[in-house]
Asker: 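Handing you a structure now.
In the text below, chain A, chain B and the rest are named by the order of the sequence lines, each starting its count at 1. The figures here come from the full heavy-atom set of this structure, side chains too, leaving out hydrogens, waters and symmetry mates.
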Protein chains: 2
Amino acid sequence: MLKEERHQVILNEVRIHNKVLLADIAEILKVSQDTVRRDIKELHDKNKLKRVHGGAISLGFNHYSYVNREIYSLEKKSRIAEKAVSLLKDGQVILLSGGTTNLEIARLIPPYLKITCFTPSLPIAMQLLPKPNIEIIVIGGKINKDSQIAVGGSPIGALAELKADICFLGVNSIHPVEGVTELYWEIVQVKKAMIKASKKVVVPSISEKINSEQRYKICGLDAVDLLITELDESDPQLEVYKQSIELL
Amino acid sequence: MLKEERHQVILNEVRIHNKVLLADIAEILKVSQDTVRRDIKELHDKNKLKRVHGGAISLGFNHYSYVNREIYSLEKKSRIAEKAVSLLKDGQVILLSGGTTNLEIARLIPPYLKITCFTPSLPIAMQLLPKPNIEIIVIGGKINKDSQIAVGGSPIGALAELKADICFLGVNSIHPVEGVTELYWEIVQVKKAMIKASKKVVVPSISEKINSEQRYKICGLDAVDLLITELDESDPQLEVYKQSIELL
DNA sequence: GAAATTCTTGCAATTTTTTGCAATTAAATT
DNA sequence: AATTTAATTGCAAAAAATTGCAAGAATTTC
């Protein structure tokens, strides 16, 4: 294994978890802790991460980002996104709707993965920009400012020509009877088109959104193939979903 | 076996695996490791891959630090953008290509102005998001990572249906004889479509770009209605443009 | 403040790179 | 066509780098 590869793995781990333990990296890379220590020292000198006793932490890991993570339940979303990203394979074509959980997925997609991402979401497209191996295709149209995604006839038309391997469908609410529901009519239309345009529909959702419902229906639970939450598989809240949906 | 052939093989291996070991390549090509080493050194000098101890690694891999466009001429761009924004009126439909000067225009558009902005540029769309009175329509498509705009057939098709009042055409180079030229072919195609889709073409350009030229031609000076620079109207550099173009 | 963990330093084994050199091949010149 | 010149390639020895280990120093943790 090249030194450069180790460096990339370390930086990737730091990017995802905001910190790494020296011992963990040594285990992952199957090299001695001394080697990892030297690697971290080097990356520290290059200002790619901050070396600390016992490992390293992300440069951007400051008080501000820490507080933010807590307030917006990003911690949960991050765990969900990690699971979601583990589904991805080289060569796939995926479809990402908007939302903060999907944004977190976009952030965590490893830079070496060669996939094609369709998205109507501006922040997600921006998030993907620096990843060299990812082909980004923005689904254009009138931008809904709340959700920051394209809506209207144009994206729906564009989606009609697509068949993606996986659609990560960010949802507002999911309910055992009402299915997946949404607050805005125009967003419902786009998400319906996204479901049609995909072989597999994956819903990444924090537990707060589970068992809630909104005004407009996107689809029933039968249209959803996989539900990803931060909860444990055995959690009683998830019991009702187990019948119709696979869980992760 | 020609050196060029070996180079192709090496680059291909790097492209596929993101890295190569010197010993592996020597084995594949049936040449000495020294030869491979020299090849890799050469390709490194040509900036086609990154030479590292034990082999080579793909370039874009750790491109996480993003290419910062020249922040220096921001002052000029700001002055140009101010002039450009003064052209805008309520109710207009405008078309913004990419580029930092146009991004500055987007930033300076007053929030009370009620206009519709079409753009294939992700950063510009993001910049416009918080302005409540501006309707944003993103022209979607495959994203060119350098320019961060959508390129290809999809945006060109979308533009064919549009007639905007003004197009702010960010340019790479403008020349009295060669006209407006660009470095990348796929961007040329989009910009041509943008010109067709607009009643009036405005080129905001810092003086450094004036009188330079690139490989591909977008249009002649006759297609440009207005040139905005930071220079004074009486500047001798602008003399040649006065005949065919209005200045601001 | 004692125990546990982590870090530093020096060292040796291994791997990789550099350098000079000679043999071969290709290109240019007469 | 023959000769010269330049470029390419492989080899070998020396230099440099990487890596893991161990012992003592420093830091953290309880």
Asker: Would B:R6 and B:D39 count as a salt bridge (charged side-chain N to carboxylate O under 4.0 Å, His left out) here? Give the steps.
Answerer: CA-CA 8 Å; B:R6 293 199 309 272; B:D39 285 338; 2.5 Å; yes
Asker: First locate atom NZ of A:K77, then atom OG1 of A:T101, and finally report the distance between them rounded to the nearest 0.5 Å.
Answerer: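 It is 4.5 Å, given to the nearest 0.5 Å.
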Asker: Would you say C:dT16 has OP1 or OP2 under 4.0 Å from some side-chain N or O of B:H53?
Answerer: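 For C:dT16, neither OP1 nor OP2 has a side-chain N or O of B:H53 closer than 4.0 Å.
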Asker: Looking at every heavy atom in both B:N172 and B:L183, which two are closest together, and how far apart are they?
Answerer: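 Distance-wise, the nearest heavy atoms are ND2-N, 4.4 Å.
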Asker: If you check the A:L22 side chain, which of C:dC7, D:dT19, D:dT9 turns out closest?
Answerer: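 The listed nucleotide nearest to A:L22's side chain is C:dC7.
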Asker: Distance check needed: D:dG10 P versus B:D39 CG, whole Å only.
Answerer: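 Taking atom P of D:dG10 as the reference, CG of B:D39 is at 10 Å.
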Asker: Side-chain donor-acceptor pair under 3.5 Å between A:Q214 and A:S173, yes or no?
Answerer: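 A pair is found: one side chain offers a donor N or O, the other an acceptor, under 3.5 Å apart.
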Asker: Starting at NE2 of B:H7 and ending at C1' of D:dT8, how long is that distance when rounded to a whole Å?
Answerer: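 Atom-to-atom, B:H7 to D:dT8, this comes out as 11 Å.
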Asker: A:L59 pairs by side-chain contact (heavy atoms from CB on, under 4.5 Å) with which of A:N47, A:N18, A:V14?
Answerer: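 Result: among A:N47, A:N18, A:V14, A:N47 is the only option passing the side-chain contact (heavy atoms from CB on, under 4.5 Å) with A:L59.
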Asker: Return the value, rounded to whole Å, for the distance between atom CD of A:E42 and atom P of C:dT8.
Answerer: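 Taking CD of A:E42 and P of C:dT8, I get 15 Å after rounding.
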Asker: Look at A:E5 together with B:K19 and state whether they make a salt bridge at an N to O cut-off of under 4.0 Å.
Answerer: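 A salt bridge links A:E5 with B:K19.
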Asker: Calculate the interatomic distance between A:E4 atom CD and D:dT18 atom C1'; express it in whole Å.
Answerer: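 Atom-to-atom, A:E4 to D:dT18, this comes out as 14 Å.
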Asker: Counting only side-chain N and O atoms of A:K3, is one of them less than 4.0 Å from OP1 or OP2 of D:dA17?
Answerer: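 No, A:K3 has no side-chain N/O under 4.0 Å of OP1/OP2 on D:dA17.
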Asker: Starting from P on C:dT8, measure out to CD on A:Q33 and report it in whole angstrom.
Answerer: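 Distance, rounded to whole Å: 13 Å.
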Asker: First locate atom CG of A:L95, then atom CZ of A:F118, and finally report the distance between them rounded to the nearest 0.5 Å.
Answerer: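 With rounding to 0.5 Å, CG (A:L95) is 8.0 Å from CZ (A:F118).
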Asker: Does B:V52 reach a base, just sugar-phosphate, or nothing at all? Heavy atoms under 4.0 Å.
Answerer: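 Here B:V52 touches the backbone only, sparing every base.
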Asker: Atom CE of A:M1 to atom C1' of C:dT15: distance rounded to whole Å?
Answerer: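 Roughly 17 Å, once rounded to whole Å.
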Asker: Dump the pairs, protein N or O against N or O of nucleotides 18-21 of chain C, anything under 3.5 Å, distances to one decimal.
Answerer:
residue	atom	partner	partner atom	Å
C:dT18	OP2	B:K41	NZ	3.3
C:dT18	OP2	B:R51	NH2	2.5

Asker: Rounded to the nearest angstrom, tell me the gap between atom NE2 in A:H44 and atom P in C:dC7.
Answerer: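 Checked: the NE2 to P distance equals 13 Å.
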